[in-house]
Amino acid sequence: HFKENAVSITGAKYVHLPHGPVPDNYEYFFATLIHSGEMDVDEILVYQYFGENFTATREAALSFFDPSELKILAEVKEYFKDFSATRIREFSHAERGYRETANRQAISFLFAEDLRL
């Protein structure tokens, strides 16, 4: 959304983490959603590894988004619909903003112009 409209949907700063770019302090957002009952988390076994499965407890309130944001969300959902988590991670790692930042470093919105989507 920032690439096309110069406005972020979330307003969050994004940082470089090992599995890809995420909102800074994403742990706080997840904890808040879990604590408020908006999201459930279950531990799952994926092959020989344990992971977490996050599930919303209610439908998304789409009225919070304007039409241009909903358009971008739909495009991103459609593009990645057949991607595995591994493939999404690989895709994000190939983006210039991720390649040119170090672990825990903020990813400037100026990199948005180079996004492949």
Side-chain angles (χ1 to χ4, degrees):
H1 192 265
F2 192 90
K3 179 180 181 177
E4 292 184 15
N5 301 285
V7 177
S8 165
I9 291 176
T10 65
K13 174 174 73 170
Y14 287 78
V15 295
H16 174 127
L17 285 184
H19 292 295
V22 298
D24 194 22
N25 297 315
Y26 77 95
E27 302 98 331
Y28 170 77
F29 299 120
F30 274 68
T32 300
L33 290 168
I34 292 165
H35 181 73
S36 69
E38 300 288 324
M39 185 168 65
D40 288 331
V41 61
D42 297 302
E43 190 172 284
I44 58 170
L45 183 63
V46 181
Y47 302 105
Q48 71 270 25
Y49 302 103
F50 282 99
E52 295 175 314
N53 185 48
F54 297 92
T55 308
T57 59
R58 64 178 181 88
E59 291 294 316
L62 298 180
S63 62
F64 285 104
F65 299 99
D66 69 35
S68 69
E69 293 169 333
L70 291 170
K71 175 185 167 283
I72 294 296
L73 291 170
E75 289 172 0
V76 170
K77 178 183 176 185
E78 178 64 23
Y79 186 88
F80 289 107
K81 71 180 179 185
D82 296 322
F83 280 48
S84 65
T86 299
R87 193 164 165 211
I88 292 171
R89 181 180 62 224
E90 291 167 353
F91 185 94
S92 72
H93 285 196
E95 294 287 4
R96 182 172 165 241
Y98 189 84
R99 289 190 331 267
E100 295 186 15
T101 55
N103 193 41
R104 296 245 171 235
Q105 183 179 2
I107 301 171
S108 171
F109 279 104
L110 296 177
F111 286 114
E113 66 188 37
D114 299 319
L115 290 171
R116 293 178 287 159
L117 283 180

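- Taking CZ of F54 as the reference point, atom CD of E38 lies at 15.0 Å (rounded to 0.5 Å).
- Hydrophobic clustering (side-chain heavy atoms under 4.5 Å, transitive across Ile, Leu, Val, Met, Phe, Trp, Tyr) groups Y14 together with F2.
- Closest non-hydrogen pair, P18 versus R89, comes out as O-CD, 4.2 Å.
- I9 has its side chain within reach of L73: a pair of non-hydrogen atoms, C-beta onward, lies under 4.5 Å apart.
- Looking only at distances, a side-chain donor or acceptor of E69 sits under 3.5 Å from a matching main-chain atom of D66.
- Although no hydrogens or angles enter the test, the distance criterion places no donor-acceptor pair under 3.5 Å between the side chain of H16 and the main chain of R99.
- Taking NZ from K3 and CG from L117, the interatomic distance works out to 7.0 Å, rounded to the nearest 0.5 Å.
- When side chains are defined from C-beta on, V22 does not count as touching F29, because their heavy atoms never get closer than 4.5 Å.
- Closest of all the heavy-atom pairs between E4 and K71 is OE1-NZ, 3.5 Å.
- Of all the heavy atoms in Q105 and A102, the pair that sits closest is OE1-N, 2.7 Å.
- Both Y79 and I72 belong to a common hydrophobic cluster when Ile, Leu, Val, Met, Phe, Trp and Tyr are linked at side-chain heavy-atom distances under 4.5 angstrom.
- Nearest heavy atoms, H93 versus G20: NE2-N, 3.5 Å.
- Within a 6.0 Å radius of CD in Q48, more than 12 heavy atoms belonging to other residues, nucleotides or ligands are found.
- When atom types are taken as modelled, the side chain of T101 and the backbone of I107 share no donor-acceptor pair closer than 3.5 angstrom.
- Separating the CG atom in D40 from the CD atom in E52 is a distance of 12.5 Å, to the nearest 0.5 Å.
- Between F80 and F91, the angle of the ring planes goes over 60°, which puts this pair in the perpendicular group of the 30/60° scheme.
- Hydrophobic clustering, with ILVMFWY side chains joined whenever heavy atoms are under 4.5 angstrom apart, groups Y47 together with I44.
- Minimum heavy-atom separation, S8 to G11: OG-N, 2.9 Å.
- Heavy atoms from other residues, nucleotides or ligands lying under 6.0 Å from CZ of R116 number more than 12.
- Under a 4.0 Å N-O distance rule, the pair E90/R87 does not qualify as a salt bridge.
- Between E95 and F111, every side-chain heavy-atom pair lies at or beyond the 4.5 Å cut-off.
- Under the 4.5 Å side-chain heavy-atom criterion for Ile, Leu, Val, Met, Phe, Trp and Tyr, V15 and F109 are members of distinct hydrophobic clusters.
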Just do the side-chain contact (heavy atoms from CB on, under 4.5 Å) check on Y26 and L17 with the steps written out, would you?
CA-CA 11 Å; Y26 77 95; L17 285 184; 3.5 Å; yes

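- One finds the CG atom of L115 at 13.5 Å from the NE2 atom of H1 (value rounded to the nearest 0.5 Å).
- Across every non-hydrogen atom of G37 and T57, the tightest pair is O-OG1, 2.6 Å.
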